[in-house]
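Notes follow the structure.
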Amino acid sequence: TDEIKHLLASDDGAVVVVDGPVKPAVPPVVRCRSASPQCWIRTARPGWSAVAAVVPGNDDPHLDLTVGFGRTGRAVASVLLRQPDVELAWVVRRSQPSGCRSAGSILGVESPDPATVFGIGECSAADLFAEERVDAVIDFSSPRGIDYYAPAAAELGVSMVCAVSSFGRDVSKSFELWGRTTRALCSPNITVGINFMLLAAKALKAIAPESDVEIVEEHFRNKTETSGTALRLARTLEVDAAQVKSLRAGTIVGNHEVLFGLEDQVVRIRHESLSREAFGNGALFAARELQSRPNGVYQMEDLLLPYFTAA
């Protein structure tokens, strides 16, 4: 590790002089919180050195915006902070952060990662990338989140893992453009299980094209729109979107079921998200997989297909 030789703190921040071995490709980065002597120092790590940046949304009406980000973004950050071979460099939220700037401290997760929280109005994505280059951006924000970081990420070749459920506009041409210079993944549901389910359902549909297909999705009571994952299942299986059955109750994270009615038998393929950490695990899988892929536009099922066919 690096040795901190001198630390001089004042109300305006801190000055740090670092003495010790540092990998040339991974320079130390000092994170200082205004009006506080606390600093976060980024050091090189052995093994896979990808740095994941999360851009979570905070549009949950029940969320205290002074302490962090949206429910899913918080869950994803928690997963990343617990990984020994991945460093969470920074978090960007829509509103201006106040108080603590460490995502780990906010979430109660012990981690050496800087995970500094920024407000989207404080700096541009280009400035963040210039200060600390990352290997991947993981986005669970809002339909406009890609406008903030994607052009800069594509220019620098930073992988993009976008899990926004719906954009309300056609973004396919934008992703095609970004895919020329980096690896750009866009999937409304990034869990490994739901994408395995999608591949399995496609296979059964090909085997029994005459079967009756029903799609049911269940979510928490305040979710008003039809699940983007269910709509994608409908498109893939050539089911009219109007036929998707939606149930809303309690705090269900997200359940999806595809029912195949064949002659003399019924096949049900069901996936249940037990917690939002499932999205974090899926995003981490995607970020790792993209590192070895050529530039292009991907969906989560593209990353799973080689495992599916190998089995």
Can you confirm whether Lys202 is buried at NZ, in the sense that more than 12 heavy atoms of other residues, nucleotides or ligands lie under 6.0 Å from that atom? no

Quick one: which of Ile269, Val266, Asp212 gives a side chain to side chain contact (heavy atoms under 4.5 Å, CB included) with Phe260? Ile269

Those residues that, when tested against Ser187, pass side-chain hydrogen bond (donor to acceptor under 3.5 Å, both in side chains) (two or more places apart): none

Report the C-alpha distance between Glu272 and Val253 in whole Å, list the side-chain angles of each, state the deciding distance to 0.1 Å, and finish with yes or no for side chain to side chain contact (heavy atoms under 4.5 Å, CB included). CA-CA 8 Å; Glu272 297 184 4; Val253 174; over 6 Å; no

Cys123 versus Leu128: any side-chain heavy-atom pair under 4.5 Å? yes

Is a salt bridge present between Arg293 and Glu289, judged by a nitrogen-to-oxygen distance below 4.0 Å? yes

Is the shortest heavy-atom distance from the side chain of Leu284 to the side chain of Val86 under 4.5 Å? yes

Please identify each residue that fulfils salt bridge (Lys or Arg N to Asp or Glu O under 4.0 Å) with Glu218, with sequence neighbours left out. Arg270

Gln265 atom CD, over 12 foreign heavy atoms within 6.0 Å: yes

Tell me, yes or no, whether the heavy-atom count around Arg248 atom CZ, taken from other residues, nucleotides or ligands under 6.0 Å, exceeds 12. yes

Could you measure the distance from the CD1 atom of Ile215 to the CG atom of Leu259? Nearest 0.5 Å is fine. 10.5 Å

Can you check whether Glu277's main-chain N or O pairs, donor with acceptor, with Ser275's side chain at less than 3.5 Å? yes

Any side-chain heavy-atom pair of Glu214 and Lys245 under 4.5 Å: yes

Is it true that, when you exclude Glu238 itself, more than 12 heavy atoms of the residues, nucleotides or ligands shown sit nearer than 6.0 Å to its CD? no

Salt bridge or not between Arg82 and Asp113? Use side-chain N to carboxylate O under 4.0 Å. no

In Å, rounded to the nearest 0.5 Å, how long is the span from CG of Leu198 to OG1 of Thr191? 10.5 Å

Can you see whether Phe140 has Arg74 sitting over its ring - NZ or CZ less than 6.0 Å from the centre and within 45° of the normal? no

Just by distance, do the side chain of Arg183 and the backbone of Leu290 share a donor-acceptor pair under 3.5 Å? yes

Nearest 0.5 Å please: distance from the CD1 atom of Ile120 over to the OG atom of Ser142. 7.0 Å

Taking only residues at least two apart or on different chains, which pairs with a member in residues 222-233 satisfy salt bridge (charged side-chain N to carboxylate O under 4.0 Å, His left out)? Lys223-Glu225, Arg232-Glu301

Testing the basics here: between Gly282 and Met300, what is the closest heavy-atom pair and its distance to 0.1 Å? O-CE, 3.4 Å

Please report the C-alpha distance between Gln243 and Val213 in whole Å, then the side-chain angles of each, then the deciding distance to 0.1 Å, and finally whether the side chain to side chain contact (heavy atoms under 4.5 Å, CB included) criterion is met. CA-CA 10 Å; Gln243 290 183 235; Val213 181; over 6 Å; no

Mind checking what makes side-chain hydrogen bond (donor to acceptor under 3.5 Å, both in side chains) contact with Arg144, not counting sequence neighbours? Asp147

Are the side chain of Asp302 and the backbone N or O of Gln299 linked by a donor-acceptor pair below 3.5 Å? yes

For Asp240, what residues pass the side-chain hydrogen bond (donor to acceptor under 3.5 Å, both in side chains) criterion, not counting sequence neighbours? none

Would you say Arg101 and Thr116 are linked by a side-chain donor-acceptor pair, where the criterion is simply a distance under 3.5 Å? no

Could you measure the distance from the CG atom of Asn255 to the OG1 atom of Thr229? Nearest 0.5 Å is fine. 11.5 Å

Rounded to the nearest 0.5 Å, what separates atom CG in Asn281 from atom CD1 in Ile190? 11.0 Å

Where Ile138 and Ala283 come nearest, the two heavy atoms and their spacing: CG2-CB, 3.7 Å

Kindly check if the number of other-residue, nucleotide or ligand heavy atoms within 6.0 Å of CD (Glu263) is above 12? no

I want to check something: taking the side chain as every heavy atom from C-beta on, are Val216 and His256 in contact at a cut-off of under 4.5 Å? no

Check whether any side-chain N or O of Asp139 sits under 3.5 Å from a backbone N or O of Gly145 as a donor-acceptor pair, and report yes or no. no

Quick one: sort the Tyr307 and Phe285 rings into parallel, tilted or perpendicular, breaks at 30° and 60°. tilted

Thr182 side-chain N/O to Gly157 backbone N/O, donor-acceptor pair under 3.5 Å: yes

Applying side chain to side chain contact (heavy atoms under 4.5 Å, CB included), run through Glu155 and Thr181 and close with a yes or a no. CA-CA 7 Å; Glu155 183 176 351; Thr181 55; over 6 Å; no

Within the 4.5 Å heavy-atom criterion, are Gln291 and Asp135 side-chain neighbours or not? yes

Rounded to the nearest 0.5 Å, how far apart are CD of Gln83 and OG of Ser111? 10.0 Å

Please step through side chain to side chain contact (heavy atoms under 4.5 Å, CB included) for the pair Val76 and Thr72, ending with a clear verdict. CA-CA 6 Å; Val76 172; Thr72 302; 4.2 Å; yes

All heavy atoms of Ala286 vs all of Leu185, minimum pair found to be CB-CD1, 4.2 Å

Polar side-chain atom of Glu122 near backbone of Gly119 as donor-acceptor pair, under 3.5 Å: yes

Listed partners of Ala125 passing side-chain contact (heavy atoms from CB on, under 4.5 Å), at least two apart: Phe129, Tyr148, Tyr149, Ala152

Look at Glu257 together with Arg268 and state whether they make a salt bridge at an N to O cut-off of under 4.0 Å. yes

